[in-house]
Amino acid sequence: MTEKPFSTKNPIVMTIAGSDSGGGAGIAADLKTFAALGVHGTFAITSVTAQNTTGVLETFDLPPAAVASQIEAVCVDMDVKWAKTGMLASSEIVREVAKEIRKHRLSLVLDPVMAAEAGGSLLRTEALSVLIEDLLPYCKVTTPNASEAGTIAGVPVKTPEDAKIAARKIADLGVEAVIVTGGHIDATDLLYEASSDTFTRIPGTFVKGGTHGSGCTYSAAMTAFLARGNNLEAAARESKKFVVQAILKSRPAGRGVNPVNPFGATLEAKERYLVLRNLKEAVLIIEENPVFSKLIPEVGCNIGMAIPGADSFEDVAAVEGKIVRHRGRAVSVGCVDFGASRHVAGIILSSLQYDPEIRAAINVEYSDRNLSVCREAGFSISSFDRAEGSENTSTMDLGAGEVTNKYGGLPKVIYDKGGAGKEPAISLLGTNAVEVAKLAVELAEKLQ
């Protein structure tokens, strides 16, 4: 074994796999997953593929010595303990990789890649037996899908019971643990640990989204979680959650199978943080203004902001308990949080359907005087009448849609004179919470 002169507290992992020129699978998916999960990713390219969302067009295998040289270069310098393999293509590459795994005593997650999700073979027929004999016995865990598990075990895998039989047969070949992923069965992953002869079901549901690169992303996540110290079951559960989010957050990228988005959940978390920060600043602007309280209805008001692409109430943050008038000043009753107000969220979600840039709103007291000041200030104004809408138009939620249909665009101000059991209201719209807070303060000061 080659001595590694340096060590680090931050896990360093490696992917030994092929490239995907479309950026959806292979080392592209692996490195994005490693980065999203906070480990340093290194790589050794085994094959360069001409690939897109419709399939693999051509493959160009690297010489086995070039693959070994990449692994050697990283392992003599960095403290790599966990690695994963993906596309290995040929018998010669498999043998060379197996030699390097043993030489550097790497704990291995083996993803037995045989075909691309979008179509195209990635492992030659004669290489399968070499993978089973030379590499499989040296891996800690392998993550085949149903088709791959069936090919390795020599049995068809179409049901959860078939997966159990295949997992045991694969473990008999020398691997310590087998995870048969459930994407092609019932969405439930099956973990088999040979040392204890135990099965663990990791349930899931099918979700809509792009799946190109999902297998690579799953095995890369397993590698990252294991490198971070998770046990096998915990790593499997966390990896499943991660790949589900990567599928849900996928974006269109071509004419075929859309790639997963490993950074999707991370980017959404960032957007949620930015929304909460913006909303807190907006509330502070309102509370510090000495005259804003004049705009607060008797039942209180609220201000909200959505993340980009919001599609549910849980994607819109607002003040818990509203903003009320207390001793002549505006006071927020609770903290800002997502899902805090269905009313203001409804206005924002409806607005987003017609203009994705309008992500914030505040509702203030309705009065003829308030509307007059809005007009004098030059604010664009429109209204909707529940009596003119359909019988389902019972709340302000649909106001933005009705106004857009009538006037061809969203104004700064939408008002509604109310209806049976519904208070009249004025809603101010904007791109963010600070913008609508300043708009509301400007209105209040003009009234003063």
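- Counting only heavy atoms from C-beta outward, the side chains of Ile16 and Ile101 approach each other to under 4.5 Å.
- The backbone N or O of Pro160 sits nowhere less than 3.5 Å from a side-chain atom of Arg201 that would complete a donor-acceptor pair.
- Side-chain contact between Phe292 and Leu443 is absent, with no heavy atoms from C-beta onward closer than 4.5 Å.
- For the pair Phe206 and Ala187, the tightest heavy-atom approach, listed with the atom from each and the gap, is CZ-N, 3.5 Å.
- Asn370 contributes no side-chain N or O that, together with a main-chain N or O of Leu295, makes up a donor-acceptor pair within less than 3.5 Å.
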Next item on the list: Begin from the C-alpha positions of Leu349 and Val316 and carry the test side chain to side chain contact (heavy atoms under 4.5 Å, CB included) through to its verdict.
Entry: CA-CA 8 Å; Leu349 290 172; Val316 183; 4.1 Å; yes
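- Contact annotation: the side chain of Val80 never approaches that of His104 to less than 4.5 Å [non-hydrogen atoms, C-beta and beyond].
- Across Thr223, Asp111, Asp30, Thr46, a single residue satisfies side chain to side chain donor-acceptor pair (under 3.5 Å) together with Thr15, and that is Asp30.
- Annotation: the span from Glu320 atom CD to Ser332 atom OG amounts to 10.5 Å, rounded to 0.5 Å.
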Check: Can you list the steps and then say if Lys32 with Phe263 is a side chain to side chain contact (heavy atoms under 4.5 Å, CB included)?
Finding: CA-CA 7 Å; Lys32 283 184 275 190; Phe263 275 114; 3.9 Å; yes
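- Atom CE of Met114 and atom CG of Leu88 lie 10.5 Å apart (nearest 0.5 Å).
- In summary, the side chains of Asn261 and Ser250 do not present any donor paired with an acceptor at a separation below 3.5 Å, with no hydrogens or angles considered.
- Side-chain atoms of Thr53 come within 3.5 Å of backbone N or O of Arg255 as a donor-acceptor pair.
- The shortest distance between side-chain heavy atoms of Ile12 and Thr42 falls below 4.5 Å.
- Using modelled atom types, no side-chain atom of Asp337 and backbone atom of Ala340 make a donor-acceptor pair closer than 3.5 Å.
- Residues Met305 and Ile348 share a closest heavy-atom pair of N-CD1, 3.8 Å.
- Scanning both residues, Val13 and Ala227, for their nearest heavy atoms gives CG1-CB, 3.5 Å.
- The closest side-chain heavy-atom distance from Arg329 to Ser293 is not below 4.5 Å.
- To the nearest 0.5 Å, atoms CG (Asn289) and CD (Glu287) are separated by 11.0 Å.
- If you check the side chains of Asn52 and Thr54, you find a donor sitting under 3.5 Å from an acceptor.
- Judged by distance alone, with hydrogens and angles left aside, the side-chain atoms of Thr33 form no donor-acceptor pair with the main-chain N or O of Ala221 at under 3.5 Å.
- Counting non-hydrogen atoms of other residues, nucleotides and ligands closer than 6.0 Å to NZ of Lys240 gives a total above 12.
- Under the rule for a side-chain contact (heavy atoms from CB on, under 4.5 Å), the partners of Ala377 that lie at least two apart in sequence or sit in another chain are Phe379, Lys446.
- Salt-bridge annotation for Glu233 and Arg237: present, with a side-chain N of the basic residue lying under 4.0 Å from a carboxylate O of the acidic one.
- Between the side chain of Arg359 and the main chain of Ala310, no donor-acceptor pair closer than 3.5 Å is present.
- Taking every heavy atom of both residues into account, Ala246 and Thr217 meet most closely at CB-CG2, 4.4 Å.
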Notebook entry, point to check: Stepwise, does the side chain to side chain contact (heavy atoms under 4.5 Å, CB included) test hold for Leu108 with Leu135?
Noted result: CA-CA 9 Å; Leu108 181 65; Leu135 189 57; 3.7 Å; yes
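- If you take CD1 on Ile179 and CG on Asn145, they are separated by 13.0 Å, rounding to the nearest 0.5 Å.
- Using modelled atom types, no side-chain atom of Asp61 and backbone atom of Ser47 make a donor-acceptor pair closer than 3.5 Å.
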Next item on the list: Apply side chain to side chain contact (heavy atoms under 4.5 Å, CB included) to the pair Val333 and Val319, showing each step before the final yes or no.
Entry: CA-CA 8 Å; Val333 176; Val319 179; 5.7 Å; no
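- Listed for the Asp20 side chain is a donor-acceptor partner under 3.5 Å among the backbone atoms of Gly24.
- Of all the heavy atoms in Ala306 and Val275, the pair that sits closest is O-CG2, 3.6 Å.
- Judged by distance alone, the side chain of Asn258 and the main-chain N or O of Gly210 form no donor-acceptor pair under 3.5 Å.
- With a 4.5 Å cut-off on side-chain heavy atoms, Trp82 and Val39 do not count as touching.
- Once rounded to the nearest 0.5 Å, the distance linking CG of Leu429 with OG of Ser350 reads 9.5 Å.
- Residues Lys412 and Leu439 meet the side-chain proximity criterion, which asks for heavy atoms closer than 4.5 Å.
- Taking a cutoff of 4.0 Å between a charged side-chain nitrogen and a carboxylate oxygen, Arg272 and Glu268 qualify as a salt bridge.
- Between Leu62 and Ile45, the shortest heavy-atom distance links the atoms CD2-O, 3.4 Å.
- To the nearest 0.5 Å, the span separating CD on Glu357 from CG on Leu410 amounts to 11.5 Å.
- Checking side-chain atoms of Asn278 against main-chain N and O of Val434 turns up a donor-acceptor pair under 3.5 Å.
- Within 6.0 Å of CZ in Phe242 there are more than 12 heavy atoms belonging to other residues, nucleotides or ligands.
- For the pair Ser383/Lys417, no side-chain contact is recorded, criterion being any heavy-atom separation below 4.5 Å from C-beta on.
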